[in-house]
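Notes follow once the structure below has been shown.
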Amino acid sequence: LFPDTDQCIQRLAFSYSILPSMHLSGDFIDYFAIDEYRVGFYLADVAGHGCSSAFVTLMIKNYMDRLRRRFDHGSDNVLLRPDATLASVSQELIALNMGRHLAMVYGVIDTSSQSLRYALGAHYPPPLLMKEENANCTVMPLEGRGLPLGVFPDANFNVIEIQLPSDFLLMIASDGLMEVVKGNSLDEKLILIQQWLINGTHSPSAMLQRLDLPKDAPLPDDLAILMIRSCK
């Protein structure tokens, strides 16, 4: 069900790692070309872990594929509107009465205008955007938080649009990352992750090496890391 990692779509390089806390993961990642210059991506984090949460990720994958087919057939353009996409997934989850809610980030990168439109649904930690300008790196947490999906029938989500620099790296992770980063507070952990990015931790595998995870103990939560960067 997962996309191939380390692939380039519309001059954007995608890579990811997912580590389940049990045999199956409640975290899910996908990315795809929408048309000749727009690319969609999402990270969904279903509450809990194990088989029941993994089953919800199957529903999300199936529903997002349906939105893609509807766009391809000209039925609607929900896929281009991150706020409407999250609202649609949330309503579908409520209608199926699966007893699960989730956090999700969905974004659309327009490579012709070098812009990103995204919406967040109770997603934490915030996506981190690293800019490389004049040999200097800066990392900026993206704004937004939003409501969880699958809880409130009338939930609305905000869409945010930003310009992307020519050289950038965007990292999106599930909250399982914050469970394994050492630190006394969430803010302290977030600052440490930003410093790792500035110091050259530019792939999911390199981020996992930084974490130095125990090899003989289960993770406290599912862990998913998605990185998107410009490629030549």
Side-chain angles (χ1 to χ4, degrees), residues 1-5 7-10 12 14-16 18 20 24-112 115-123 127 144 146-161 170 172-174 222 224-226 228:
L1 294 177
F2 290 104
D4 293 333
T5 190
Q7 63 171 303
C8 194
I9 306 173
Q10 308 286 17
L12 298 170
F14 292 83
S15 57
Y16 70 89
I18 293 182
L24 297 174
S25 174
D27 290 354
F28 194 83
I29 286 171
D30 201 4
Y31 38 82
F32 45 85
I34 297 175
D35 55 26
E36 65 274 16
Y37 55 91
R38 284 176 289 205
V39 180
F41 63 89
Y42 62 91
L43 188 154
D45 179 359
V46 180
H49 40 258
C51 294
S52 58
S53 295
F55 184 75
V56 179
T57 67
L58 177 63
M59 182 280 296
I60 296 167
K61 166 67 173 174
N62 179 66
Y63 188 72
M64 291 297 293
D65 286 350
R66 282 164 53 194
L67 292 182
R68 292 174 62 185
R69 290 193 295 270
R70 281 158 52 180
F71 178 83
D72 291 341
H73 296 155
S75 302
D76 62 44
N77 66 348
V78 169
L79 210 61
L80 297 179
R81 298 155 49 208
D83 52 338
T85 296
L86 292 194
S88 184
V89 172
S90 181
Q91 291 164 7
E92 179 74 2
L93 193 58
I94 292 172
L96 292 175
N97 194 28
M98 302 183 77
R100 292 282 181 172
H101 64 275
L102 61 100
M104 185 171 174
V105 54
Y106 174 66
V108 176
I109 296 178
D110 187 324
T111 57
S112 65
S115 63
L116 164 65
R117 302 181 78 243
Y118 69 93
L120 304 178
H123 181 83
L147 296 170
L149 281 65
V151 179
F152 306 103
D154 56 349
N156 293 315
F157 302 89
N158 296 323
V159 62
I160 300 172
E161 182 169 358
L170 178 64
I172 305 167
S174 63
D222 300 325
I225 301 171
L226 169 64
I228 308 168

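Just so we're clear, the structure is a prediction, and the values are computed from it rather than from any experiment. Positions are given from 1, in the same order as the sequence printed here.
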Which heavy atom in [X] sits nearest to a heavy atom in [Y], and how many Å separate them?
| X | Y | value |
| --- | --- | --- |
| Ala87 | Ala155 | CB-O, 4.3 Å |
| Gly150 | Ser90 | N-OG, 2.9 Å |
| Pro127 | Ile172 | CB-CG1, 4.0 Å |
| Met104 | Val89 | SD-CG1, 4.3 Å |
| Ser174 | Asp222 | OG-O, 3.5 Å |

Would you find a donor on one side and an acceptor on the other, under 3.5 Å apart, between the side chain of [X] and the backbone of [Y]?
| X | Y | result |
| --- | --- | --- |
| Thr5 | Tyr16 | yes |
| Arg100 | Ala47 | yes |
| Thr85 | Val78 | yes |
| Gln7 | Asp4 | yes |
| Gln10 | Ser112 | no |

Within the 4.5 Å heavy-atom criterion, are [X] and [Y] side-chain neighbours or not?
| X | Y | answer |
| --- | --- | --- |
| His123 | Leu43 | yes |
| Phe28 | Val56 | no |
| Thr57 | Met59 | no |
| Leu116 | Val108 | no |
| Ile18 | Ile29 | yes |
| Ile94 | Phe152 | no |
| Asn158 | Tyr118 | no |
| Ile34 | Phe71 | yes |

Report the distance from atom CG of Leu67 to atom CZ of Arg81, rounding to the nearest 0.5 Å. 11.0 Å

Could you check Asp35 against Arg38 for salt bridge (charged side-chain N to carboxylate O under 4.0 Å, His left out), going step by step and ending with a plain yes or no? CA-CA 5 Å; Asp35 55 26; Arg38 284 176 289 205; 2.7 Å; yes

Could you label the plane-to-plane angle of the Tyr106 and Tyr42 rings as parallel, tilted or perpendicular, counting under 30° as parallel and over 60° as perpendicular? tilted

Kindly indicate, with the supporting measurements, whether the criterion side-chain contact (heavy atoms from CB on, under 4.5 Å) is fulfilled by Asp30 and Phe41. CA-CA 6 Å; Asp30 201 4; Phe41 63 89; over 6 Å; no

Given salt bridge (charged side-chain N to carboxylate O under 4.0 Å, His left out), test Lys61 with Asp65 step by step and report yes or no. CA-CA 6 Å; Lys61 166 67 173 174; Asp65 286 350; 3.6 Å; yes

Ser115-Asp110 side chain donor-acceptor pair, cut-off 3.5 Å: no

